[in-house]
Amino acid sequence: MNLVEELRWRGMIQDIMPGTEEQLNKEMTAAYIGFDPTADSLHIGSLVPILLLVHLQRAGHKPFALVGGATGMIGDPSGRSDERNLLNEEQLNKNLDGIKKQLSRYLDFDTVKPNAAVMVNNYDWFKGISFIDFLRDTGKHITVNYMMAKDSVKKRIEGETGISYTEFAYQLMQGYDFYWLYQHHNCKLQMGGSDQWGNITTGTELIRRKAGGQAFAFTCPLLTKSDGGKFGKTEQGNVWLDPEKTHAFKFYQFWLTATDEDAKKWIKIFTFLGKGEIDELITAHEKDASQRILQKTLAKAITIFVHGEDEYLKATETTEKIFANKTAPAESLSVEDLEGMEGVEKFDFPRTKIKEGIDIVSFLAETGILASKGEARKMLQNGGISINRIKVDSVQEIINESKLLHQQYILVQKGRRNPYLVKIA
RNA sequence: GGGUAGAUGGCCGAGUGGCUAAAGGCGACAGACUGUAAAUCUGUUCUCUUCGGAGUACGGAGGUUCGAAUCCUUCUCUACCCA
(Lines give C-alpha, C1' and ligand atoms only; values in the text may rest on other atoms or scores of the structure.)
Protein backbone atom coordinates (compact mmCIF):
# COMPACT_ATOMS: atom_id res chain seq x y z
CA MET A 1 0.00 0.00 0.00
CA ASN A 2 1.42 3.37 -0.88
CA LEU A 3 1.05 6.37 1.37
CA VAL A 4 -2.07 7.79 -0.24
CA GLU A 5 -3.80 4.40 -0.30
CA GLU A 6 -2.84 3.93 3.33
CA LEU A 7 -4.19 7.30 4.38
CA ARG A 8 -7.30 6.87 2.34
CA TRP A 9 -8.05 3.57 3.99
CA ARG A 10 -7.59 5.20 7.39
CA GLY A 11 -10.11 7.85 6.49
CA MET A 12 -7.54 10.61 6.62
CA ILE A 13 -8.04 12.06 3.17
CA GLN A 14 -10.87 14.39 2.37
CA ASP A 15 -9.78 16.26 -0.75
CA ILE A 16 -6.74 15.53 -2.86
CA MET A 17 -5.32 17.36 -5.81
CA PRO A 18 -4.82 15.34 -8.98
CA GLY A 19 -1.25 14.15 -9.38
CA THR A 20 -0.47 14.11 -5.66
CA GLU A 21 -0.31 10.34 -5.46
CA GLU A 22 1.99 10.13 -8.49
CA GLN A 23 4.28 12.78 -7.02
CA LEU A 24 4.59 10.87 -3.74
CA ASN A 25 5.31 7.64 -5.55
CA LYS A 26 7.89 9.24 -7.77
CA GLU A 27 10.37 10.67 -5.28
CA MET A 28 11.05 11.74 -1.74
CA THR A 29 8.77 14.73 -1.41
CA ALA A 30 8.96 17.58 1.04
CA ALA A 31 5.57 18.41 2.53
CA TYR A 32 4.35 20.79 5.15
CA ILE A 33 1.55 21.48 7.58
CA GLY A 34 1.06 24.75 9.40
CA PHE A 35 0.16 25.01 13.08
CA ASP A 36 -1.50 28.11 14.44
CA PRO A 37 -0.16 29.48 17.71
CA THR A 38 -3.58 30.22 19.15
CA ALA A 39 -2.69 28.60 22.49
CA ASP A 40 0.49 27.52 24.24
CA SER A 41 -0.35 23.87 23.71
CA LEU A 42 -1.75 21.84 20.88
CA HIS A 43 -4.93 19.92 21.55
CA ILE A 44 -6.07 16.60 20.21
CA GLY A 45 -7.57 18.24 17.15
CA SER A 46 -4.01 18.93 16.05
CA LEU A 47 -3.11 15.30 16.44
CA VAL A 48 -4.50 14.44 13.04
CA PRO A 49 -2.18 16.80 11.17
CA ILE A 50 0.69 15.65 13.36
CA LEU A 51 -0.07 12.06 12.46
CA LEU A 52 -0.19 12.96 8.79
CA LEU A 53 3.36 14.23 9.11
CA VAL A 54 4.38 11.09 10.98
CA HIS A 55 2.88 8.86 8.30
CA LEU A 56 4.58 10.93 5.67
CA GLN A 57 7.95 10.61 7.33
CA ARG A 58 7.50 6.89 7.86
CA ALA A 59 6.83 6.57 4.14
CA GLY A 60 10.22 8.15 3.50
CA HIS A 61 9.18 11.71 2.75
CA LYS A 62 10.41 14.88 4.38
CA PRO A 63 8.03 16.62 6.78
CA PHE A 64 8.07 20.33 7.52
CA ALA A 65 6.19 21.55 10.55
CA LEU A 66 5.48 25.24 10.18
CA VAL A 67 4.55 27.34 13.17
CA GLY A 68 2.71 30.49 12.28
CA GLY A 69 4.63 33.23 14.03
CA ALA A 70 3.60 35.67 11.31
CA THR A 71 0.19 34.33 10.33
CA GLY A 72 -0.66 34.01 14.02
CA MET A 73 -0.47 37.78 14.22
CA ILE A 74 -3.20 38.05 11.58
CA GLY A 75 -5.71 35.29 12.29
CA ASP A 76 -7.18 32.72 9.97
CA PRO A 77 -10.83 33.43 9.08
CA SER A 78 -11.42 29.79 8.06
CA GLY A 79 -14.19 28.08 9.93
CA ARG A 80 -15.10 31.11 11.96
CA SER A 81 -18.17 33.25 11.79
CA ASP A 82 -16.59 36.22 13.52
CA GLU A 83 -13.40 38.20 13.64
CA ARG A 84 -10.55 36.91 15.77
CA ASN A 85 -8.97 38.84 18.58
CA LEU A 86 -5.39 39.61 17.80
CA LEU A 87 -2.85 37.97 20.04
CA ASN A 88 -0.33 40.20 21.70
CA GLU A 89 3.29 39.53 20.99
CA GLU A 90 4.16 38.20 24.42
CA GLN A 91 1.38 35.64 24.33
CA LEU A 92 2.25 34.74 20.77
CA ASN A 93 5.85 33.98 21.63
CA LYS A 94 4.82 31.91 24.60
CA ASN A 95 2.46 29.95 22.39
CA LEU A 96 5.09 29.42 19.71
CA ASP A 97 7.54 28.03 22.24
CA GLY A 98 4.98 25.65 23.69
CA ILE A 99 3.92 24.35 20.31
CA LYS A 100 7.46 23.94 19.04
CA LYS A 101 8.33 21.89 22.08
CA GLN A 102 5.39 19.59 21.55
CA LEU A 103 5.91 19.11 17.85
CA SER A 104 9.50 18.16 18.40
CA ARG A 105 8.33 15.09 20.33
CA TYR A 106 6.45 13.46 17.54
CA LEU A 107 8.73 13.71 14.56
CA ASP A 108 12.25 12.54 13.90
CA PHE A 109 14.52 15.56 13.61
CA ASP A 110 17.75 13.55 13.33
CA THR A 111 19.59 15.56 10.69
CA VAL A 112 21.68 12.59 9.64
CA LYS A 113 18.65 11.23 7.83
CA PRO A 114 17.82 12.76 4.48
CA ASN A 115 14.16 12.93 5.39
CA ALA A 116 14.71 14.49 8.80
CA ALA A 117 11.82 16.63 9.93
CA VAL A 118 12.31 20.38 9.90
CA MET A 119 10.57 23.02 11.92
CA VAL A 120 10.17 26.46 10.42
CA ASN A 121 8.55 29.68 11.57
CA ASN A 122 7.01 31.86 8.90
CA TYR A 123 7.89 34.96 10.90
CA ASP A 124 11.47 34.34 9.76
CA TRP A 125 10.66 35.15 6.15
CA PHE A 126 7.81 37.57 6.69
CA LYS A 127 9.70 39.87 9.02
CA GLY A 128 11.87 41.17 6.18
CA ILE A 129 9.10 41.81 3.67
CA SER A 130 7.65 45.30 3.45
CA PHE A 131 4.00 45.94 2.73
CA ILE A 132 4.90 47.46 -0.63
CA ASP A 133 7.05 44.48 -1.57
CA PHE A 134 4.30 42.11 -0.65
CA LEU A 135 1.66 43.94 -2.66
CA ARG A 136 3.92 44.20 -5.71
CA ASP A 137 5.44 40.72 -5.65
CA THR A 138 2.61 38.62 -4.32
CA GLY A 139 -0.68 40.50 -4.31
CA LYS A 140 -0.33 41.21 -8.00
CA HIS A 141 -0.53 37.53 -8.88
CA ILE A 142 -3.86 36.78 -7.27
CA THR A 143 -7.12 38.52 -8.07
CA VAL A 144 -9.57 39.62 -5.44
CA ASN A 145 -12.20 37.73 -7.40
CA TYR A 146 -10.23 34.55 -6.80
CA MET A 147 -9.82 35.30 -3.13
CA MET A 148 -13.46 36.12 -2.61
CA ALA A 149 -14.57 32.88 -4.16
CA LYS A 150 -13.09 30.92 -1.23
CA ASP A 151 -15.71 29.43 1.04
CA SER A 152 -14.18 30.78 4.21
CA VAL A 153 -14.25 34.30 2.81
CA LYS A 154 -17.62 33.98 1.10
CA LYS A 155 -19.28 32.84 4.29
CA ARG A 156 -17.94 35.84 6.13
CA ILE A 157 -18.88 38.30 3.43
CA GLU A 158 -22.39 36.91 3.42
CA GLY A 159 -22.47 36.54 7.18
CA GLU A 160 -23.36 38.96 9.93
CA THR A 161 -20.07 40.39 11.06
CA GLY A 162 -18.28 40.76 7.76
CA ILE A 163 -14.54 40.29 7.41
CA SER A 164 -11.73 42.73 8.00
CA TYR A 165 -9.15 43.41 5.34
CA THR A 166 -6.62 41.82 7.70
CA GLU A 167 -8.29 38.46 7.80
CA PHE A 168 -9.17 38.67 4.13
CA ALA A 169 -5.47 38.92 3.37
CA TYR A 170 -4.66 35.86 5.46
CA GLN A 171 -4.88 33.39 2.59
CA LEU A 172 -2.27 35.36 0.69
CA MET A 173 0.14 34.98 3.57
CA GLN A 174 -0.46 31.28 3.84
CA GLY A 175 -0.16 31.05 0.08
CA TYR A 176 3.15 32.84 0.29
CA ASP A 177 4.36 30.38 2.93
CA PHE A 178 3.82 27.55 0.53
CA TYR A 179 5.54 29.49 -2.25
CA TRP A 180 8.49 30.30 0.00
CA LEU A 181 8.91 26.68 1.08
CA TYR A 182 8.61 25.60 -2.54
CA GLN A 183 11.41 27.97 -3.56
CA HIS A 184 13.74 27.37 -0.62
CA HIS A 185 13.08 23.75 0.33
CA ASN A 186 11.55 22.30 -2.80
CA CYS A 187 8.41 21.70 -0.79
CA LYS A 188 5.75 20.50 -3.20
CA LEU A 189 2.95 19.37 -0.94
CA GLN A 190 0.80 20.98 1.67
CA MET A 191 -1.56 19.10 3.94
CA GLY A 192 -4.01 20.27 6.55
CA GLY A 193 -7.57 20.06 7.83
CA SER A 194 -10.28 20.31 5.21
CA ASP A 195 -11.06 23.85 6.37
CA GLN A 196 -7.64 24.77 5.01
CA TRP A 197 -8.38 23.75 1.44
CA GLY A 198 -9.05 27.29 0.28
CA ASN A 199 -5.86 28.65 1.81
CA ILE A 200 -3.85 25.77 0.43
CA THR A 201 -5.06 26.17 -3.12
CA THR A 202 -4.16 29.85 -3.02
CA GLY A 203 -0.64 28.58 -2.36
CA THR A 204 -0.56 26.16 -5.27
CA GLU A 205 -2.00 28.89 -7.48
CA LEU A 206 0.70 31.31 -6.38
CA ILE A 207 3.38 28.74 -7.09
CA ARG A 208 1.93 28.16 -10.53
CA ARG A 209 1.66 31.82 -11.47
CA LYS A 210 4.73 33.21 -9.77
CA ALA A 211 7.17 30.35 -10.19
CA GLY A 212 5.56 28.37 -12.99
CA GLY A 213 5.80 25.34 -10.74
CA GLN A 214 3.41 22.59 -9.82
CA ALA A 215 2.53 21.90 -6.23
CA PHE A 216 0.14 19.44 -4.63
CA ALA A 217 -2.17 19.20 -1.69
CA PHE A 218 -4.52 17.05 0.26
CA THR A 219 -6.62 17.60 3.34
CA CYS A 220 -7.96 15.40 6.08
CA PRO A 221 -11.55 15.49 7.26
CA LEU A 222 -12.31 17.53 10.33
CA LEU A 223 -13.27 15.15 13.06
CA THR A 224 -16.68 15.21 14.61
CA LYS A 225 -18.20 13.06 17.25
CA SER A 226 -21.02 10.70 16.39
CA ASP A 227 -23.38 12.84 18.45
CA GLY A 228 -22.45 15.85 16.37
CA GLY A 229 -20.49 17.54 19.12
CA LYS A 230 -17.16 19.20 18.63
CA PHE A 231 -14.31 16.74 18.65
CA GLY A 232 -11.88 17.14 21.49
CA LYS A 233 -14.15 19.01 23.84
CA THR A 234 -15.27 17.69 27.18
CA GLU A 235 -17.06 19.25 30.09
CA GLN A 236 -13.68 20.58 31.17
CA GLY A 237 -13.01 22.16 27.80
CA ASN A 238 -10.36 21.23 25.27
CA VAL A 239 -8.38 18.05 25.60
CA TRP A 240 -4.81 19.30 25.45
CA LEU A 241 -1.61 17.47 24.69
CA ASP A 242 0.16 19.28 27.50
CA PRO A 243 -0.10 17.09 30.63
CA GLU A 244 -0.19 20.23 32.75
CA LYS A 245 -3.42 21.24 31.06
CA THR A 246 -4.97 17.83 30.60
CA HIS A 247 -3.61 15.15 32.87
CA ALA A 248 -2.70 11.85 31.24
CA PHE A 249 -5.48 10.15 33.22
CA LYS A 250 -8.11 12.50 31.83
CA PHE A 251 -6.55 12.15 28.41
CA TYR A 252 -6.79 8.37 28.65
CA GLN A 253 -10.35 8.62 29.87
CA PHE A 254 -11.31 10.77 26.90
CA TRP A 255 -10.42 7.99 24.49
CA LEU A 256 -11.70 5.22 26.70
CA THR A 257 -15.17 6.73 26.83
CA ALA A 258 -15.46 7.10 23.07
CA THR A 259 -18.67 5.75 21.61
CA ASP A 260 -18.46 2.51 19.63
CA GLU A 261 -19.05 4.38 16.42
CA ASP A 262 -16.31 6.92 17.08
CA ALA A 263 -13.88 4.27 18.28
CA LYS A 264 -14.18 2.41 14.99
CA LYS A 265 -13.27 5.53 13.06
CA TRP A 266 -10.67 6.83 15.46
CA ILE A 267 -8.69 3.65 15.85
CA LYS A 268 -7.74 3.90 12.17
CA ILE A 269 -6.68 7.48 12.48
CA PHE A 270 -4.96 7.57 15.84
CA THR A 271 -3.11 4.26 15.90
CA PHE A 272 -0.53 2.80 13.57
CA LEU A 273 -2.12 -0.65 13.64
CA GLY A 274 -2.45 -2.29 10.26
CA LYS A 275 -5.66 -3.08 8.45
CA GLY A 276 -5.61 -6.76 9.42
CA GLU A 277 -5.25 -6.03 13.12
CA ILE A 278 -7.93 -3.40 13.11
CA ASP A 279 -10.37 -5.64 11.28
CA GLU A 280 -9.77 -8.31 13.89
CA LEU A 281 -10.32 -5.83 16.70
CA ILE A 282 -13.57 -4.66 15.19
CA THR A 283 -14.77 -8.24 14.82
CA ALA A 284 -13.84 -8.98 18.42
CA HIS A 285 -15.52 -5.84 19.56
CA GLU A 286 -18.74 -6.68 17.79
CA LYS A 287 -18.74 -10.14 19.32
CA ASP A 288 -18.62 -8.75 22.84
CA ALA A 289 -18.96 -5.01 22.87
CA SER A 290 -19.04 -4.86 26.66
CA GLN A 291 -15.31 -5.59 26.71
CA ARG A 292 -14.73 -2.31 24.87
CA ILE A 293 -11.68 -3.70 23.17
CA LEU A 294 -11.62 -0.92 20.60
CA GLN A 295 -11.73 1.84 23.17
CA LYS A 296 -9.04 0.22 25.29
CA THR A 297 -6.72 -0.36 22.35
CA LEU A 298 -7.27 3.12 21.03
CA ALA A 299 -6.77 4.78 24.41
CA LYS A 300 -3.63 2.78 25.05
CA ALA A 301 -1.98 3.54 21.72
CA ILE A 302 -2.69 7.22 21.71
CA THR A 303 -1.85 7.77 25.38
CA ILE A 304 1.50 6.08 24.87
CA PHE A 305 2.10 8.11 21.73
CA VAL A 306 1.43 11.40 23.45
CA HIS A 307 2.45 10.82 27.07
CA GLY A 308 4.63 7.72 27.04
CA GLU A 309 4.39 4.25 28.51
CA ASP A 310 4.78 5.26 32.18
CA GLU A 311 1.94 7.73 32.09
CA TYR A 312 -0.24 5.20 30.33
CA LEU A 313 0.39 2.66 33.08
CA LYS A 314 -0.44 5.17 35.78
CA ALA A 315 -3.60 6.15 33.96
CA THR A 316 -4.79 2.55 33.76
CA GLU A 317 -3.95 1.99 37.43
CA THR A 318 -6.05 4.93 38.46
CA THR A 319 -8.80 3.74 36.14
CA GLU A 320 -8.73 0.34 37.81
CA LYS A 321 -9.01 1.81 41.27
CA ILE A 322 -11.90 4.02 40.43
CA PHE A 323 -13.93 2.00 38.00
CA ALA A 324 -13.06 -1.68 38.48
CA ASN A 325 -14.90 -3.83 41.10
CA LYS A 326 -17.46 -1.20 41.56
CA THR A 327 -19.02 -3.22 44.31
CA ALA A 328 -15.83 -3.32 46.37
CA PRO A 329 -16.07 -0.90 49.26
CA ALA A 330 -13.82 2.12 49.22
CA GLU A 331 -12.29 0.78 52.43
CA SER A 332 -10.50 -1.86 50.39
CA LEU A 333 -8.29 0.81 48.82
CA SER A 334 -4.91 1.09 50.48
CA VAL A 335 -3.15 4.32 51.35
CA GLU A 336 -0.90 3.71 48.35
CA ASP A 337 -3.92 3.23 46.13
CA LEU A 338 -5.36 6.51 47.23
CA GLU A 339 -2.13 8.46 47.08
CA GLY A 340 -1.30 7.00 43.70
CA MET A 341 -4.44 8.18 41.98
CA GLU A 342 -2.70 10.13 39.30
CA GLY A 343 -4.84 12.65 37.57
CA VAL A 344 -7.61 12.60 40.15
CA GLU A 345 -8.08 16.11 41.45
CA LYS A 346 -6.94 16.38 45.02
CA PHE A 347 -8.15 18.80 47.66
CA ASP A 348 -6.96 19.53 51.17
CA PHE A 349 -9.35 20.06 54.01
CA PRO A 350 -8.71 20.98 57.66
CA ARG A 351 -9.09 18.17 60.18
CA THR A 352 -10.70 20.35 62.81
CA LYS A 353 -13.82 20.82 60.70
CA ILE A 354 -14.13 17.09 60.22
CA LYS A 355 -13.75 16.48 63.94
CA GLU A 356 -16.63 18.82 64.62
CA GLY A 357 -18.60 17.29 61.77
CA ILE A 358 -19.63 19.32 58.78
CA ASP A 359 -22.74 19.12 56.64
CA ILE A 360 -22.22 17.64 53.21
CA VAL A 361 -23.31 20.79 51.37
CA SER A 362 -20.72 22.98 53.08
CA PHE A 363 -18.11 20.29 52.70
CA LEU A 364 -18.53 20.09 48.93
CA ALA A 365 -18.52 23.86 48.54
CA GLU A 366 -15.61 24.53 50.90
CA THR A 367 -13.35 21.92 49.38
CA GLY A 368 -13.97 23.50 46.00
CA ILE A 369 -15.37 20.32 44.44
CA LEU A 370 -18.49 22.30 43.64
CA ALA A 371 -18.55 26.04 43.09
CA SER A 372 -21.15 26.98 45.69
CA LYS A 373 -23.48 25.59 48.28
CA GLY A 374 -26.36 26.07 45.92
CA GLU A 375 -24.70 23.94 43.29
CA ALA A 376 -23.73 21.34 45.82
CA ARG A 377 -27.30 21.12 47.03
CA LYS A 378 -28.64 20.74 43.49
CA MET A 379 -26.11 18.07 42.64
CA LEU A 380 -27.03 16.18 45.81
CA GLN A 381 -30.73 16.45 45.07
CA ASN A 382 -29.99 14.98 41.65
CA GLY A 383 -28.26 12.04 43.28
CA GLY A 384 -24.98 12.93 41.66
CA ILE A 385 -22.64 12.69 44.63
CA SER A 386 -20.99 9.64 46.13
CA ILE A 387 -18.77 9.60 49.20
CA ASN A 388 -16.44 6.63 49.40
CA ARG A 389 -18.40 5.02 46.59
CA ILE A 390 -21.69 5.22 48.44
CA LYS A 391 -24.32 7.47 46.96
CA VAL A 392 -25.36 10.28 49.26
CA ASP A 393 -29.12 10.47 49.36
CA SER A 394 -29.58 13.10 52.01
CA VAL A 395 -28.73 16.76 51.83
CA GLN A 396 -28.47 16.66 55.63
CA GLU A 397 -25.65 14.13 55.72
CA ILE A 398 -22.83 14.98 58.10
CA ILE A 399 -19.20 14.37 57.25
CA ASN A 400 -17.19 13.45 60.32
CA GLU A 401 -14.29 11.21 61.28
CA SER A 402 -16.28 8.04 60.69
CA LYS A 403 -16.15 8.80 56.96
CA LEU A 404 -12.37 8.93 56.79
CA LEU A 405 -10.48 6.22 54.95
CA HIS A 406 -7.20 5.44 56.70
CA GLN A 407 -7.97 8.31 59.05
CA GLN A 408 -7.26 10.92 56.40
CA TYR A 409 -8.95 10.48 53.04
CA ILE A 410 -12.37 10.95 51.60
CA LEU A 411 -13.13 9.77 48.09
CA VAL A 412 -15.77 11.96 46.47
CA GLN A 413 -17.37 11.22 43.13
CA LYS A 414 -19.44 13.63 41.12
CA GLY A 415 -21.34 11.54 38.68
CA ARG A 416 -19.66 8.36 37.63
CA ARG A 417 -16.73 9.81 35.85
CA ASN A 418 -15.44 12.59 38.03
CA PRO A 419 -13.49 11.45 41.06
CA TYR A 420 -11.93 13.77 43.64
CA LEU A 421 -9.75 12.88 46.55
CA VAL A 422 -9.97 14.99 49.68
CA LYS A 423 -7.01 14.72 51.99
CA ILE A 424 -7.47 15.82 55.56
CA ALA A 425 -4.56 17.92 56.78
C1' G B 1 -25.67 60.67 2.98
C1' G B 2 -31.26 58.84 3.05
C1' G B 3 -34.67 54.92 4.38
C1' U B 4 -36.27 50.23 6.61
C1' A B 5 -35.74 46.14 9.83
C1' G B 6 -33.13 44.24 13.85
C1' A B 7 -29.90 43.51 18.75
C1' U B 8 -33.35 38.69 24.35
C1' G B 9 -29.86 33.68 28.78
C1' G B 10 -23.70 29.21 26.08
C1' C B 11 -26.41 29.10 21.03
C1' C B 12 -31.15 29.34 18.21
C1' G B 13 -35.67 31.63 19.22
C1' A B 14 -40.77 33.30 21.57
C1' G B 15 -42.41 37.35 24.28
C1' U B 16 -44.74 43.99 22.72
C1' G B 17 -46.67 47.61 30.11
C1' G B 18 -47.74 43.86 35.81
C1' C B 19 -49.47 36.62 35.73
C1' U B 20 -41.61 37.14 33.20
C1' A B 21 -35.59 34.93 35.89
C1' A B 22 -38.29 35.42 30.63
C1' A B 23 -42.13 29.76 26.42
C1' G B 24 -39.89 26.23 23.17
C1' G B 25 -35.61 23.91 20.96
C1' C B 26 -30.30 22.80 20.93
C1' G B 27 -26.13 22.20 23.85
C1' A B 28 -24.24 21.11 28.79
C1' C B 29 -24.48 18.64 33.73
C1' A B 30 -26.79 14.78 36.78
C1' G B 31 -30.14 10.32 37.47
C1' A B 32 -32.49 5.51 35.53
C1' C B 33 -31.25 1.60 31.97
C1' U B 34 -26.26 -0.26 30.21
C1' G B 35 -20.68 -1.72 28.76
C1' U B 36 -17.36 4.42 32.26
C1' A B 37 -21.33 2.80 24.91
C1' A B 38 -25.58 4.38 21.88
C1' A B 39 -30.73 5.18 21.88
C1' U B 40 -34.61 6.30 25.28
C1' C B 41 -36.91 8.34 29.65
C1' U B 42 -36.40 11.87 34.08
C1' G B 43 -34.32 16.11 36.69
C1' U B 44 -31.15 20.56 36.60
C1' U B 45 -29.18 24.59 33.67
C1' C B 46 -28.06 33.74 35.68
C1' U B 47 -25.45 34.38 40.70
C1' C B 48 -25.71 33.63 45.95
C1' U B 49 -28.86 31.20 49.60
C1' U B 50 -29.99 29.65 56.33
C1' C B 51 -34.18 26.58 50.43
C1' G B 52 -38.12 30.93 53.07
C1' G B 53 -35.87 33.97 49.68
C1' A B 54 -32.28 37.85 48.01
C1' G B 55 -29.45 40.12 44.06
C1' U B 56 -28.37 41.12 39.00
C1' A B 57 -30.34 40.69 33.78
C1' C B 58 -33.44 41.12 27.51
C1' G B 59 -27.04 45.96 22.95
C1' G B 60 -25.11 51.03 26.04
C1' A B 61 -26.89 55.57 28.50
C1' G B 62 -30.97 58.46 30.04
C1' G B 63 -36.38 59.14 30.60
C1' U B 64 -42.05 58.13 31.14
C1' U B 65 -44.77 54.99 34.76
C1' C B 66 -46.94 52.74 41.15
C1' G B 67 -44.63 49.07 37.72
C1' A B 68 -40.56 48.46 31.49
C1' A B 69 -37.44 43.01 27.83
C1' U B 70 -41.94 45.54 26.38
C1' C B 71 -43.36 52.92 25.69
C1' C B 72 -40.08 57.57 24.61
C1' U B 73 -35.07 59.98 23.63
C1' U B 74 -30.19 59.17 22.36
C1' C B 75 -25.78 56.40 21.28
C1' U B 76 -23.34 51.87 19.38
C1' C B 77 -23.49 47.75 16.20
C1' U B 78 -25.75 44.46 12.19
C1' A B 79 -28.65 43.36 7.79
C1' C B 80 -31.37 45.00 3.58
C1' C B 81 -32.92 48.92 0.12
C1' C B 82 -31.98 53.88 -2.19
C1' A B 83 -27.94 57.65 -3.46
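Letters A, B, ... are given to chains in the order of the sequence lines, protein chains preceding strands, and every chain is numbered from 1.
Take the nearest nucleotide of RNA chain B for A:Thr319 and for A:Ala371: the residue whose nucleotide is more 5' is A:Thr319. The residue among A:Gly415 and A:Lys373 whose nearest nucleotide of RNA chain B is located toward the 5' end is A:Gly415.
With B:G31, B:U50, B:G35 as the candidates, the nucleotide lying closest to the side chain of A:Arg377 is B:U50. Closest to the side chain of A:Met379, out of B:A30, B:U36, B:G35, is B:A30.
Taking atom NZ of A:Lys287 as the reference point, atom C1' of B:G35 lies 18 Å away to the nearest angstrom. Spacing between atom CD of A:Gln291 and atom C1' of B:U36 amounts to 14 Å, rounded to whole angstrom units. The nearest whole Å value for the distance from the CG atom in A:Asn382 to the P atom in B:A28 is 17 Å. One atom, CD of A:Gln396, and another, P of B:U50, lie 11 Å apart when rounded to the nearest Å. Rounded to whole angstrom, the span from the CD atom of A:Gln413 across to the C1' atom of B:G31 amounts to 15 Å. Per the geometry, NZ belonging to A:Lys378 stands 5 Å off P belonging to B:U45, to the nearest Å. Remark: C1' of B:U36 and CG of A:Leu294 are 16 Å apart, rounded to the nearest angstrom. If you take CG of A:Asp262 and P of B:G35, they are 20 Å apart, rounded to a whole angstrom.
Taking atom C1' on both B:C33 and B:U20, the two are 37 Å apart, rounded to the nearest angstrom. Spacing between B:A14 and B:G2 at atom P, rounded to whole Å, works out to 30 Å. With C1' as the reference atom, B:A69 and B:G6 are 15 Å apart, rounded to whole Å. B:G9 and B:C26 have their C1' atoms separated by 13 Å, with the value rounded to a whole Å. Atom C1' of B:G35 sits at a distance of 26 Å from the matching atom of B:U44, rounded to the whole Å. For the C1' atoms, the distance from B:U45 to B:A22 is 14 Å, rounded to whole Å. Going from the P atom of B:A57 to that of B:G52 covers 26 Å, rounded to whole Å. Distance check on atom C1': B:C46 versus B:U8 gives 13 Å, rounded to whole Å.
Counting distance only, with no hydrogens placed and no angle test, the side-chain atoms of A:Gln381 and the base atoms of B:U44 include no donor-acceptor pair under 3.5 Å. For A:Asp260 against B:G35, a side-chain-to-base donor-acceptor contact under 3.5 Å is present.
Base contact: A:Gly374 has a heavy atom under 4.0 Å from a base atom. Residue A:Lys264 is out of contact with every strand shown, counting any heavy-atom pair closer than 4.0 Å.
With its glycosidic angle more than 90° from 0, B:G10 is assigned anti.
Base pairing of B:G27: its partner is B:U45, meeting the Watson-Crick or G-U wobble criterion (both donor-acceptor distances under 3.5 Å). Nucleotide B:U40 forms a Watson-Crick or G-U wobble pair with B:A32, both donor-acceptor distances falling under 3.5 Å. B:G1 and B:C82 make up a base pair, with Watson-Crick or G-U wobble contacts both under 3.5 Å. The partner of B:A21, taking Watson-Crick or G-U wobble pairs whose two distances both stay under 3.5 Å, does not exist in any strand shown. Using Watson-Crick or G-U wobble geometry with both donor-acceptor distances under 3.5 Å, B:G59 finds its partner in B:C75.
Aromatic ring orientation, A:His406 versus A:Tyr409: perpendicular (interplanar angle above 60°, classes split at 30° and 60°).
Close placement of the A:Phe251 and A:His307 rings is indicated, their centers lying within 6.0 Å of each other. Taking the centre of each ring, A:Phe272 and A:His55 come in below the 6.0 Å mark.
A close approach under 4.0 Å does occur between a side-chain nitrogen or oxygen of A:Arg417 and OP1 or OP2 of B:A37. In this structure, A:Ser372 does not reach the B:U47 phosphate: none of its side-chain N or O atoms is under 4.0 Å from OP1 or OP2. Taking only side-chain nitrogens and oxygens, A:Arg292 comes nearer than 4.0 Å to OP1 or OP2 of B:U36.
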- Can you check side chain to side chain contact (heavy atoms under 4.5 Å, CB included) on A:Phe126 and A:Asp177, steps first, answer last? CA-CA 9 Å; A:Phe126 270 112; A:Asp177 283 342; 3.1 Å; yes
- Task: Begin from the C-alpha positions of A:Asp137 and A:Lys210 and carry the test salt bridge (Lys or Arg N to Asp or Glu O under 4.0 Å) through to its verdict.
- Result: CA-CA 9 Å; A:Asp137 297 342; A:Lys210 202 163 140 74; 5.3 Å; no
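Between A:Glu311 and A:Lys314, at least one side-chain nitrogen of the basic residue sits less than 4.0 Å from a carboxylate oxygen of the acidic one, meeting the salt-bridge criterion.
A donor and an acceptor atom, one from each side chain of A:Lys300 and A:Thr271, are nowhere located under 3.5 Å apart.
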